[in-house]
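The structure appears below as structure tokens.
Numbering starts at 1 and runs along the sequence shown.
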Amino acid sequence: MSQQCPGALSDGLGMRLAVTAAENAGPKAPILLRGDLGAATKTARAIGYQGIEVHVPNIWEFDVPAFKASCDAAGVAVSALVSGQLFVRKGLSIAHDDPAIVEKAIEGLKLFIDGAAVLSTGVVVGWVRGQVGDEREIKLAKQAESLQKVGRYAATKKVPLYIEAINRYELDSLNTAREIVDFIHTYDIPSTYVHLDTFHMNIDEHRPSKAIREVETLLGYVHVAENTRWYPGHDRLDFDEVFAALEDIGYDGFVSVECLPYPTGEEAARRAYEWLTYRYFYPKG
């Protein structure tokens, strides 16, 4: 039977939990496991996570083979590589006015794809899209032109790209599920799927469950956090509704915990895992 959500990384056994990790992150960044990535893979697996999502600060220096060896040794999969630091640290954007910056951003995304191919994972495309400002249609067309190039390259490597719906207070375009679905279809961008995040959906969607059902088979990746961006189970977001919708569309990929590192990153990772597993996943093992 064909996979219902073809962009999701599926092992055929249902949804799996992943946790965010980075070597370096600001104190308020929604990343839980920090420091040495080899140690992070061990911590993730010791808690019970089956996947680890990596926010890569400098893809030109990222040692993919060493990280793969750490994941293999720990017994965790890589749920996604996140490309946001291309914009945050390098100032690169695929819709920038300077063509040289656009080309450097595309080069960076292709390196992410190369790494993802080795790690058998996908690439999150979020902040590297850049801001559109008053030139919305022009900049969206630039984003699309760049993503068509990147998407064609990703297709040759069999790597899915995940366009993340980020709330309007952070990015000024493609904030909702419907906008991204229309964008992908309008510009016919290959190897590209939708990435939804419960924190962002809580801001820009009327109902997260409706957004999930609108995306249907284009859903490739999911982040979970509370309405306050604390760990799931801490506040008031209706996760029963979210997971019911994911089940309804046959989503069979990773659900990654991307939340604030409170009270500490590792404690938030542990509490999220325990709460989500108790309510929605098979027992730890």
Side-chain angles (χ1 to χ4, degrees), residues 3 5-23 25 29-34 37-56 59 62 64 67-85 112-126 154 157-165 191-200 212 218-225 231-232 242-243 246 251-259 265-266 268-270 272-273 276-277 280-282 284:
Q3 190 181 345
C5 292
L9 299 173
S10 171
D11 64 355
L13 298 175
M15 289 181 279
R16 292 174 287 168
L17 280 173
V19 64
T20 48
E23 289 182 340
I31 297 171
L32 298 186
L33 304 183
R34 294 150 182 255
L37 290 177
T41 62
K42 294 176 184 176
T43 300
R45 191 67 195 116
I47 293 171
Y49 286 99
Q50 294 169 290
I52 188 167
E53 170 190 316
V54 184
H55 294 242
V56 180
I59 191 62
F62 185 50
V64 174
F67 181 59
K68 184 178 188 303
S70 295
C71 292
D72 290 346
V76 294
V78 182
S79 62
L81 295 181
V82 181
S83 65
Q85 299 303 311
F112 268 97
I113 291 164
D114 290 341
V118 173
L119 297 166
S120 300
T121 192
V123 176
V124 173
V125 178
K157 301 280 186 171
K158 295 182 171 53
V159 168
L161 302 178
Y162 304 132
I163 299 182
E164 183 174 12
S191 198
T192 302
Y193 303 89
V194 182
H195 168 18
L196 294 178
D197 181 313
T198 58
F199 170 72
H200 296 304
I212 290 167
L218 270 182
L219 185 61
Y221 199 63
V222 177
H223 273 159
V224 287
Y231 58 84
V242 168
F243 279 93
L246 291 173
Y251 181 72
D252 193 26
F254 277 105
V255 174
S256 180
V257 179
E258 189 196 58
C259 65
E266 190 170 332
R270 192 175 303 280
Y273 177 82
L276 289 165
T277 298
Y280 307 113
F281 291 84
Y282 292 114
K284 179 177 174 180

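At least one donor-acceptor pair under 3.5 Å links the side chain of Y162 to the backbone N or O of G7. Between the side chain of R16 and the backbone N or O of S79 there is no donor-acceptor pair closer than 3.5 Å. In this structure, the side chain of T20 does not engage the main chain of S256 through any donor-acceptor pair within 3.5 Å.
With sequence neighbours left out, H195 forms a ring-ring contact (aromatic ring centres under 6.0 Å, His included) with Y221, H223. Not counting sequence neighbours, the partners of A269 by the side-chain contact (heavy atoms from CB on, under 4.5 Å) test are V19, L32, L33, I47, Y49. Partners of R34 according to the salt bridge (Lys or Arg N to Asp or Glu O under 4.0 Å) rule, which considers only residues two or more places apart in sequence or in another chain, do not exist here. For the ring-ring contact (aromatic ring centres under 6.0 Å, His included) test, no residue two or more places apart in sequence or in another chain qualifies with F254. When the side-chain hydrogen bond (donor to acceptor under 3.5 Å, both in side chains) test is applied to D11, no partner is found at least two apart in sequence or on another chain.
For the atom pair NE2 of H55 and CD of E258, the computed distance is 4.5 Å after rounding to the nearest 0.5 Å. Note that CZ of F281 is 5.5 Å distant from CE of M15, once rounded to the nearest 0.5 Å. Rounded to the nearest 0.5 Å, atoms CG (D114) and CD1 (I59) are 8.5 Å apart. The CG atom of D252 lies 10.5 Å from the CG atom of L9; values are rounded to the nearest 0.5 Å. Between the CD atom in E53 and the CD1 atom in I31 there is a gap of 8.0 Å [rounded to 0.5 Å].
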Result block: side-chain N/O donor-acceptor pairs under 3.5 angstrom for residues 67-78, not counting sequence neighbours:
from: K68; atom 1: NZ; to: D72; atom 2: OD2; distance (Å): 2.9
from: S70; atom 1: OG; to: A66; atom 2: O; distance (Å): 3.2

Inset, instruction - Quick one: do L246 and L219 satisfy side chain to side chain contact (heavy atoms under 4.5 Å, CB included)? Show the steps, please. - result: CA-CA 9 Å; L246 291 173; L219 185 61; 3.6 Å; yes

Legend entry - V125 vs F112, side chain to side chain contact (heavy atoms under 4.5 Å, CB included): CA-CA, chis, key distance, verdict: CA-CA 10 Å; V125 178; F112 268 97; over 6 Å; no

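Using a 4.5 Å cut-off on side-chain heavy atoms (C-beta onward), Y273 and L17 make contact.
Checked against V242 for a side-chain contact (heavy atoms from CB on, under 4.5 Å), the options V255, I212, V222, L196 give a single hit: I212. Exactly one residue among V159, V54, V64 makes a side-chain contact (heavy atoms from CB on, under 4.5 Å) with L119. That residue is V64.
Residues Y251 and G220 share a closest heavy-atom pair of OH-O, 3.5 Å. Heavy-atom minimum distance, G115 versus L81: C-CD1, 4.0 Å.
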